[in-house]
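Here's the structure we're looking at; comments come further down.
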Amino acid sequence: MNMMSRIVFYEDRNFQGRSYECMSDCADMSSYLSRCHSCRVERGCFMVYDRTNFMGNQFFMRRGEYSDYMSMLGMSSGIRSCRMIPMHRGSYRMRIYERENFSGQMSELMDDCDNIMDRHRMSNCMSCNVMDGHWLMYEQPHYRGRMMYMRPGEYRSFMNMGMSGMRMMSMRRITDSCY
């Protein structure tokens, strides 16, 4: 467990109601809170999800207060699960592929990419292999739109991750400056 990370969830807006403190991954928050409408990230970074088991829409949360994040982030059903993002010190490396199962054009990234079409002449990214570091991938260029957290591992199909219809068009490293 990373003692440097801590997030506190509250049932109601403006940090009111019952609370639940979390310092690691939580696949289903329903046993701790009936709903979640605000949170404070006291230390570290987290991804929060609007469905259990780290599925659905994802949002990156860094240190700060989110008194009514549902309207701020456009979430309709509230936070249902969260994942702690460990701090990574070292190199960043990821291979992105145009099609599922690591097929089609491949490009290797070691830094942020605000537009894969402009930089790598790729019209789409549907699978990837993260060798080093933690990354955020966005469905639109310039780090906009829905996002997806990628930690080291192989991702053969984004559609199998509940992201059907999403095309990843920009990628950003989660660096020390995020913490």
Legend entry - Arg80 and Asp50 ion-paired at < 4.0 Å: no
Inset, instruction - Working to the nearest 0.5 Å, report the span between CD of Gln16 and CG of Asn14. - result: 6.5 Å
Legend entry - Separation of Met171 CE from His120 NE2 (nearest 0.5 Å): 8.0 Å
Inset, instruction - Anything under 30° is parallel, anything over 60° is perpendicular, the rest tilted; go ahead and classify Tyr143 against Tyr138. - result: perpendicular
Legend entry - CE-SG distance between Met106 and Cys125, expressed to the nearest 0.5 angstrom: 12.0 Å
Legend entry - Basic-acidic side-chain contact under 4.0 Å: Asp111, Arg119: yes
Inset, instruction - With the side chain counted from C-beta on, respond yes when Glu98 and Ser123 share a heavy-atom pair under 4.5 Å apart, and no when they do not. - result: yes
Inset, instruction - Please answer whether the main-chain N or O of Gln140 pairs with a side-chain N or O of Arg144 as donor and acceptor at a distance below 3.5 Å. - result: no
Inset, instruction - Answer whether the closest heavy-atom distance between the side chains of Met169 and Glu139 falls below 4.5 Å. - result: no
Inset, instruction - Examine Arg40 relative to Phe15 and say whether NZ or CZ is less than 6.0 Å from the centre of the six-membered ring and inside a 45° cone about the ring axis. - result: yes
Legend entry - Side-chain (Ser38) to main-chain (Asp12) donor-acceptor, under 3.5 angstrom: yes
Inset, instruction - Could you check whether the rings of Tyr20 and Phe9 sit parallel, tilted or perpendicular, using 30° and 60° as the cut-offs? - result: parallel
Inset, instruction - Please find out if less than 6.0 Å separates the ring center of Tyr92 from that of His88. - result: yes
Legend entry - Note: Arg172-Asp114 ion pair, threshold 4.0 Å (strictly below): no
